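In what follows, a structure is listed as structure tokens, so that the remarks can point back to it.
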Amino acid sequence: MVVTMKDVANYAGVSKSTVSQYLNNRFQYMSEATRRKVELAIKELNYTPNQVARSLSQKKTNNIAIVAATLSSKFTTELVSAIEKIFSEREIDVIVASTEDNANREKQHVESLKSRQVDGIIVFPTAENRTYYQQLVDENYPIVFIDRMIDNLPVDSVLLDNVAAGAMATEHLLSKNHQKIAILTFPLGKQDSITTRRDRLNGYLSVLSERDIAIEKNYIVQTDRQNISEKLDQLYQLPTVPTALVLTNDMLLEGTLVWAKERGVKLPEELSIVSIDDVSFAHFFTPAISTIAQPIQSMAEEVAELLYEKIENGMKNSGIKKIYPPKLNCRESVKKI
């Protein structure tokens, strides 16, 4: 037989509204003795609250969602895990979906999660869905962007200073006298719609321009994850081979390390590398990899707080951009020439 809230109230000798207040942690409306009686009744009767009914009464589900670009990235999984932990401490469940940077899938996930009445959504966005996200802003639906932004769209966003990250990696290689510096990036998306990739590339380009170093178009390599080795082979078949390589995320670092091992390319003797994203294997690898780090915990706390304020207090999106500075970790993968 299913135990109801009325059964708990009768067992404790209180009203149903008192039990409801207890379940919603509104202990200021009851005495300590009443609180203990309700707590005992719930325990003795093995009562489990009807979450659906509670959600309807509160107009909240205590669920939020994260729509990630990929779960193959160690950086992304660490960031998602940090966000999930923060919400878990607030007794809010987190649903995670992955788009693999497919704009249509991204929109489908957000629409589906919204229809399931999650209280708010954190998204790694692509600009192809600009119009849809503007509709959500107009509805004042709780949404925050992480890792990326969409230009001129009033959605609060939390991300790294990606131009600075690309510039920092390039400047570090230049400081070791490298002039032939290539860069490996995932495709930029339609009309450079994936701002993280675009900005890291722009950081690289800006530093070379400032130093009056000729920009070699063949040194700018766009590839998906499956074709990293093929693209690097093509790079190494050029008449002038680069001495250094900027890798714009941890997945490209992983693929490059596999390629170097398979081809017998010695790091850093034959190729110096700097990677954006300071994932754990970077400093365990031999040689330890120089990286550009993102403050994962700070970013997680910021995006969680922004979404929580929208859910709890109805705070509207105003286009706040919380941009964090990158940090260089110098290790052994860069050789001075």
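Heads up: numbering here begins at 1 and tracks the sequence. Quick caveat: nothing in here was measured; it's all calculated off a predicted structure.
The aromatic rings of Tyr308 and Phe87 sit tilted, their planes meeting at an angle between 30° and 60°.
Using a cutoff of 4.0 Å between basic side-chain nitrogens and carboxylate oxygens, Arg263 and Glu270 are not scored as salt-bridged. Taking 4.0 Å as the cut-off between side-chain N and carboxylate O, Lys43 and Glu39 do not count as a salt-bridged pair. Contact check on Lys327 versus Asp278 returns no salt bridge, with no Lys/Arg side-chain nitrogen under 4.0 Å from an Asp/Glu carboxylate oxygen. A salt bridge does not link Glu332 with Lys176: every distance from a Lys NZ or Arg NE/NH1/NH2 to an Asp or Glu carboxylate oxygen is 4.0 Å or more. Ion pairing between Lys180 and Glu216 fails under the 4.0 Å rule for side-chain N and carboxylate O.
You'll find the ring centres of Tyr133 and Phe145 inside the 6.0 Å limit.
Under 3.5 Å, the side chains of Asn102 and Thr99 contain no donor-acceptor pair of N or O atoms. Side-chain atoms of Gln108 and Asn104 include no donor-acceptor pair closer than 3.5 Å. With hydrogens and angles left out, the side-chain atoms of Gln117 and Thr61 include no donor and acceptor closer than 3.5 Å.
Counting all heavy atoms, side chain and backbone alike, Tyr141 lies closest to Asn317 at O-ND2, 4.3 Å. The two atoms that bring Ser272 and Leu173 nearest to each other are CB-CD2, 4.2 Å, heavy atoms only. Here the closest heavy-atom approach between residue Val207 and residue Ala167 is recorded as CG2-CB, 3.4 Å.
Here the side chains of Ile276 and Asn162 are not in contact, with every heavy-atom distance at 4.5 Å or above. A heavy-atom distance below 4.5 Å is found between the side chains of Arg130 and Asp151.
Between Val8 and the options Val19, Val14, Leu23, Thr18, a side chain to side chain contact (heavy atoms under 4.5 Å, CB included) holds for only Val19.
With a 6.0 Å cutoff to the six-membered ring centre and a 45° limit on the axis angle, Lys74 does not count as a cation-pi contact of Phe281.
Under the 4.5 Å side-chain heavy-atom criterion for Ile, Leu, Val, Met, Phe, Trp and Tyr, Phe124 and Leu307 are members of the same hydrophobic cluster.
For Leu40, the side chain to side chain contact (heavy atoms under 4.5 Å, CB included) criterion is met by Glu44, not counting sequence neighbours.
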key: From CA spacing to verdict: side-chain hydrogen bond (donor to acceptor under 3.5 Å, both in side chains), Glu301, Gln297   = CA-CA 6 Å; Glu301 291 171 359; Gln297 187 60 38; 3.1 Å; yes
